[in-house]
Participant: 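To start, I am sharing the structure in question, which I have written as structure tokens.
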Amino acid sequence: MILAVNAKVYYPYSFGARLLRLARAIDKVAKEYSITTIIAPPHTELKEVKDIVEVTKVYAQHLDPVEPGAHTGSVILEGIKEIIDGSIINHSEKRMRLDEIELVVSKLRRAGKESLVCAPTPNTAAAVAALRPSMIAMEPPELIGTGVSVSRARPETVVETVRAVKGTGFAGPVLVGAGISSGEDVRKAIELGADGVLVASAVVKADDPYVKLKEFAEAMVR
Ligand code: G3P
């Protein structure tokens, strides 16, 4: 089971001491519940987070689909590959063309790093499976950040995603996300066939991220 937290850029939660508190909490939960955990901090915070986690994988939230060279303001794999374990790609808040997704997925693969490609619908999720990322996360954009969970509001979409993606022969984990706020939302996602969840606001903005992460982890292993 995979619990992935995208810290986004929720200031001040996703930066500095607040983020490190979240990183320590997710690492603790990973060890306590023996689940795979991923944290995706803002690019500026990657190194600090990588330095304090022991078992949690550290992902970039995005990588630009460019080769090293004259690209002002770009974040490229080559620049951070010593720090990251992988990257989220094509998040709904940072969409990319299919050929750009392919470029970044293959660069990550060649570097021995993981790729978590996001898709807004079951069909798109099945389409990106052809690019052989490490994992796929389906998130209906309209539910992101709403607190209305994909697993409760769109259970059929979760089932359809798992069916469509696995139907391509893709053997990696299929995650779902958007609006996941409670252990019950997580439990439902797993029951519908997901291999884990990709979450943000409910954990990042929680009064105590450890308490919320524990609630999610418990629902995964129950
Ligand atoms: O990447 C995860 C994200 O888009 C889900 O956000 O706040 O609905 O959990 P949230």
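We number each residue from 1, following the sequence as shown. In listed order, ligands and their atoms are each counted from 1.
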Participant: Check whether any heavy atom of Lys8 sits under 4.0 Å from an atom of ligand 1.
Facilitator: yes
Participant: Taking Asp195 first and then Lys166, would you say they form a salt bridge - that is, a charged N and a carboxylate O separated by under 4.0 Å?
Facilitator: yes
Participant: Judging by distance only, is a nitrogen or oxygen of Asn6 under 3.5 angstrom from one on ligand 1?
Facilitator: yes
Participant: Do Glu114 side-chain atoms and Asp85 backbone N/O form a donor-acceptor pair below 3.5 Å?
Facilitator: no
Participant: Which residue supplies the protein heavy atom nearest to atom 7 (O) of ligand 1, what is that atom called, and how far is it?
Facilitator: Ser201 OG, 2.5 Å
Participant: Measuring from atom CD1 of Ile101 to atom OG1 of Thr124, what distance do you get when rounded to the nearest 0.5 angstrom?
Facilitator: 9.0 Å
Participant: Taking the side chain from Ser134 and the backbone from Leu116, do they hold a donor-acceptor pair closer than 3.5 Å?
Facilitator: no
Participant: Heavy-atom contacts with Ile144 under 4.0 Å: which atoms of ligand 1 show up? List them by number with element.
Facilitator: 4 (O), 6 (O), 8 (O)
Participant: With heavy-atom distances below 4.0 Å as the criterion, list the atoms of ligand 1 near Gly145.
Facilitator: 7 (O), 8 (O), 10 (P)
Participant: Answer with yes or no whether Ala202 contacts ligand 1, where contact means a heavy atom under 4.0 Å from a ligand atom.
Facilitator: no
Participant: Taking only heavy atoms of Glu139 into account, list the atoms of ligand 1 that are under 4.0 Å away from them.
Facilitator: 1 (O), 2 (C), 3 (C), 4 (O), 5 (C)
Participant: Please check: side-chain N/O of Thr37 versus main-chain N/O of Asp27, any donor-acceptor pairing under 3.5 Å?
Facilitator: no
Participant: Test Val186 against Met220 for side chain to side chain contact (heavy atoms under 4.5 Å, CB included), laying out the working first.
Facilitator: CA-CA 7 Å; Val186 173; Met220 283 186 164; 3.7 Å; yes
Participant: Looking only at protein heavy atoms, identify the closest one to atom 9 (O) of ligand 1 and say how far it is in Å.
Facilitator: Ala200 N, 2.9 Å
Participant: Judging by distance only, is a nitrogen or oxygen of His91 under 3.5 angstrom from one on ligand 1?
Facilitator: yes
Participant: Are Asp208 and Lys212 ion-paired here, with the side-chain N under 4.0 Å from a carboxylate O?
Facilitator: no
Participant: Looking only at distances, can you tell me whether any N or O atom of Ala178, backbone or side chain, sits closer than 3.5 Å to an N or O atom of ligand 1?
Facilitator: no
